Colleague: 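The structure's right below; bear with me while I get my questions together.
Model, not experiment: these values are computed from the prediction.
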Amino acid sequence: MIKILKYGEVDNKDIFARAVPAVNVEAVVAEIIANVRANGDRALYEYTEKFDKAKLSTLLVSREEIEEAYTLVEPEFIEVIKKAAKNIRKFHEKQVRNSFIINDESGVVIGQKIIPIAKAGLYVPGGTAAYPSTVLMDSIPAKIAGCEDVVIVTPPSSEGKVNPAILVAADIAGVDKIFKVGGAQAIAALAYGTESIPKVDKIVGPGNAFVAEAKKQVFGQVSIDMIAGPSEILVVADKTTNPKYVAADLLSQAEHDKMASAVLVTDSMELAEAVSRELEEQIPLLERAEIARVSIDNNGKIIVADTLMAAIDIANEIAPEHLELSVDNPFDYLDMIKHAGSIFMGKYCPEALGDYFAGPNHTLPTSGTARFSSPLSVDDFIKKTQYTYYTKDALENVAWDVHRFATKEGLTAHAKSAVIRFED
């Protein structure tokens, strides 16, 4: 049963405690990465047979397999994917940045160029946890940014097939290539390249502990989006909120993973107790009841604060991945939220809207990193470079200023380079 904690009456370490995964896979992942670097495709085939029980003749998904996928996915669901893709594009197109130029000083031009990352690699979980939504959320911003090569890696089934919904979503999103490989070995392939899989410039997307550790180890060789921890939801709810809604929303994240965190912060003990009862009613009805049960019992909590403002302060301290403002007039409180990955406003905005359909991205900072990190966006698939142009007269006007600055820092070659053009 979920814990109910009265803020101010229990130790704050219990209020703000987070689930910490105990899995240590660093050495195993390092060995996998080294093997892929040394042996390329051969290592990928061997790992795919070992871990996914699939004996492949090629890693690349063919156009024929994509066309077949369209016949295996319900037409109604294909239409839903298209609607979701449209919403995601509409939102992310607003994030596009423009280059700029400043030339308001005589003889001086400075500016910044926005350049898309050339090659982006997207990791998409497969098997029992197949997420076509992740395909849309990760690939559409990359395409809007202008990445010339967007590739997906995803583990196949034991029959050597990729989940057809993933293939359909990738095709609708405009992904260039899809490869049948998962786990740490897929991350290594994207980071270093193999005979089949191109070396990319950035890797994004969620995965298990092995995938997260592999992203951590290859960072620096390539860019990554983030090291994602267990999924999190925090609901701030007032006493008028329906406890059935709150319980359902908490369970929407609890069913992800036994390490997932579901938290309610409220100013009403009556609501807290009603939500606790609702959770006990709803958990047995879930297909993933065992996972949700462990998540709620081990990591779930209801925090009762004296006021709604105190509840918001607690939410800011926790800095959750998903934050629901289940209150009347939620826009009155929006500016008070300082730390959250994504905010869901009002009593008819379940977090699941954001996972699949609304448009804002669902790849979000976890484990309190919303204090300094942002959701995945078009910005993740661009880089910025800057340029400077000075005429001779413009340089002459400032050369001795540069000289003085460089001299102050003891860098005499810098200083000399600024004035040498005017010594004759």
Colleague: I'd like to know if the side chain of E321 reaches the main chain of E232, judged simply by a donor and an acceptor atom lying under 3.5 Å from each other, with no hydrogens or angles considered.
Modeller: yes
Colleague: If you count every heavy atom of other residues, nucleotides or ligands that lies below 6.0 Å from F357 atom CZ, does the total exceed 12?
Modeller: yes
Colleague: Would M345 and L334 count as a side-chain contact (heavy atoms from CB on, under 4.5 Å) if you check the C-alpha gap in whole Å, the side-chain angles of each, and the deciding distance to 0.1 Å?
Modeller: CA-CA 8 Å; M345 310 282 289; L334 181 58; 3.8 Å; yes
Colleague: Looking at every heavy atom in both L59 and L44, which two are closest together, and how far apart are they?
Modeller: CD1-CD1, 3.8 Å
Colleague: Which heavy atom in P156 sits nearest to a heavy atom in L56, and how many Å separate them?
Modeller: CG-CD1, 4.5 Å
Colleague: Do H92 and N361 have side-chain heavy atoms sitting under 4.5 Å apart?
Modeller: yes
Colleague: Angle class for the H322/F344 ring planes (parallel below 30°, perpendicular above 60°, tilted otherwise)?
Modeller: tilted
Colleague: Looking at every non-hydrogen atom in both residues, tell me the closest pair between P164 and A69 and how far apart they are.
Modeller: O-CB, 3.6 Å
Colleague: For a side-chain contact (heavy atoms from CB on, under 4.5 Å) check, start with the C-alpha distance between M226 and T369, then their side-chain angles and the critical distance, and finish with the verdict.
Modeller: CA-CA 9 Å; M226 62 187 77; T369 60; over 6 Å; no
Colleague: Is R293 salt-bridged to E280, going by a charged N under 4.0 Å from an acidic O?
Modeller: yes
Colleague: Does M1 offer a backbone N or O that forms a donor-acceptor pair with the side chain of D297 under 3.5 Å?
Modeller: yes
Colleague: Please check: side-chain N/O of K301 versus main-chain N/O of A17, any donor-acceptor pairing under 3.5 Å?
Modeller: yes
Colleague: Are the side chains of V236 and I337 in touch, meaning some heavy atoms are under 4.5 Å apart?
Modeller: no
Colleague: Tell me, do V151 and P198 make a side-chain contact under 4.5 Å, heavy atoms counted?
Modeller: yes
Colleague: At their closest point, which heavy atom of A43 faces which heavy atom of V36, and how far apart are they?
Modeller: CB-CA, 4.0 Å
Colleague: Closer than 3.5 angstrom, by distance alone: can the side chain of N208 be matched with the main-chain N or O of V211 as a donor-acceptor pair?
Modeller: yes
Colleague: With heavy-atom distances below 4.5 Å as the criterion, would you say the side chains of Q253 and D355 are in contact?
Modeller: yes
Colleague: Verify whether one side chain among S261 and N299 offers a donor that lies under 3.5 Å from an acceptor in the other.
Modeller: no
Colleague: Would you say Q221 and R37 make side-chain contact, with heavy atoms under 4.5 Å?
Modeller: no
Colleague: Spell out, as yes or no, whether a donor-acceptor pair under 3.5 Å connects the side chain of Y123 to the backbone of G183.
Modeller: yes
Colleague: Taking atom NZ as the centre, does K6 end up with more than 12 heavy-atom neighbours from other residues, nucleotides or ligands that are less than 6.0 angstrom away?
Modeller: yes
Colleague: Examine distances only and state if a side-chain atom of T266 and a backbone atom of A237 form a donor-acceptor pair shorter than 3.5 Å.
Modeller: yes
Colleague: Would D249 and S252 count as having a side-chain donor-acceptor pair, cut-off 3.5 Å?
Modeller: no
Colleague: Which heavy atom of D328 sits nearest a heavy atom of D238, and at what distance?
Modeller: N-OD2, 3.1 Å
Colleague: Nearest 0.5 Å, what's the CD1-OH distance between I88 and Y356?
Modeller: 12.0 Å
Colleague: When you look at CZ of F372, are more than 12 heavy atoms from neighbouring residues, nucleotides or ligands closer to it than 6.0 Å?
Modeller: yes
Colleague: Taking side chain as C-beta onward, heavy atoms only, is I78 less than 4.5 Å from Y70?
Modeller: yes
Colleague: Given the rule in the salt bridge (Lys or Arg N to Asp or Glu O under 4.0 Å) test, do D379 and K384 qualify, once you have shown the distances and angles that lead to the verdict?
Modeller: CA-CA 10 Å; D379 285 349; K384 292 164 277 190; over 6 Å; no
Colleague: To the nearest 0.5 angstrom, please state how far the CD atom of E49 sits from the OG atom of S158.
Modeller: 12.0 Å
Colleague: Quick one: do E290 and K258 make a salt bridge, cutoff under 4.0 Å?
Modeller: yes
Colleague: Measuring only between side-chain heavy atoms, which start at C-beta, is I233 closer than 4.5 Å to L250?
Modeller: yes
Colleague: Flag the pair K347 / P330 as yes when at least one side-chain heavy-atom distance between them is below 4.5 Å, and no otherwise.
Modeller: no
Colleague: Counting only N and O atoms by type, is there a donor-acceptor contact under 3.5 Å from the side chain of K202 to the main-chain atoms of D380?
Modeller: yes
Colleague: So, the side chain of Q217 versus the backbone of E26: is there a donor-acceptor pair under 3.5 Å, distance only?
Modeller: yes
Colleague: Can you see whether S268 engages E270 through a side-chain donor-acceptor pair at a distance of less than 3.5 angstrom?
Modeller: no
Colleague: For F210, I'd like to know if atom CZ has over 12 heavy atoms of other residues, nucleotides or ligands within 6.0 Å.
Modeller: no
Colleague: Quiz question: by atom type and distance under 3.5 Å, do the side chains of D138 and T363 form a donor-acceptor pair?
Modeller: yes
Colleague: Under the 3.5 angstrom rule, does the side chain of E324 hit a backbone N or O of E351 as a donor-acceptor pair?
Modeller: yes
Colleague: Mark yes when over 12 heavy atoms from residues, nucleotides or ligands other than E195 sit less than 6.0 Å from its CD; otherwise mark no.
Modeller: yes
Colleague: Give a yes-or-no answer on whether the side chains of D41 and S196 include a donor-acceptor pair shorter than 3.5 Å.
Modeller: yes
Colleague: Does the pair E67/R63 count as a salt bridge with the N-to-O cut at 4.0 Å?
Modeller: yes
Colleague: Please assess F219 against I227 for the test side-chain contact (heavy atoms from CB on, under 4.5 Å), listing each intermediate value before the final yes or no.
Modeller: CA-CA 10 Å; F219 175 63; I227 305 296; over 6 Å; no
Colleague: In this structure, are over 12 heavy atoms from other groups packed under 6.0 Å from F51 atom CZ?
Modeller: yes
Colleague: How far does CZ of R277 sit from CD of E281, to the nearest 0.5 angstrom?
Modeller: 9.5 Å
Colleague: More than 12 heavy atoms of other residues, nucleotides or ligands under 6.0 Å from CD of E105: yes or no?
Modeller: no
Colleague: For A315 versus L323, what's the shortest heavy-atom pair and its separation?
Modeller: CB-CD1, 4.2 Å
Colleague: Return the CD1 to CD distance between I172 and E79, rounded to the nearest 0.5 Å.
Modeller: 8.0 Å
Colleague: When you measure from the side chain of K177 to the backbone of D149, do you find a donor-acceptor pair of N or O atoms at a distance under 3.5 Å?
Modeller: no
Colleague: Hey, which of I178, N163, I166 is the one that makes side chain to side chain contact (heavy atoms under 4.5 Å, CB included) with V124?
Modeller: I166
Colleague: Should we count CZ of F100 as having more than 12 external heavy atoms under 6.0 Å?
Modeller: yes
Colleague: So Q112 and R97, side-chain contact (heavy atoms from CB on, under 4.5 Å) or not? Walk me through it.
Modeller: CA-CA 11 Å; Q112 178 176 279; R97 291 174 178 259; 5.6 Å; no
Colleague: With rounding to the nearest 0.5 angstrom, report the CD to NZ distance, E213 to K216.
Modeller: 5.0 Å
Colleague: Out of curiosity, D313 CG to I318 CD1, how far, rounded to the nearest 0.5 Å?
Modeller: 11.5 Å
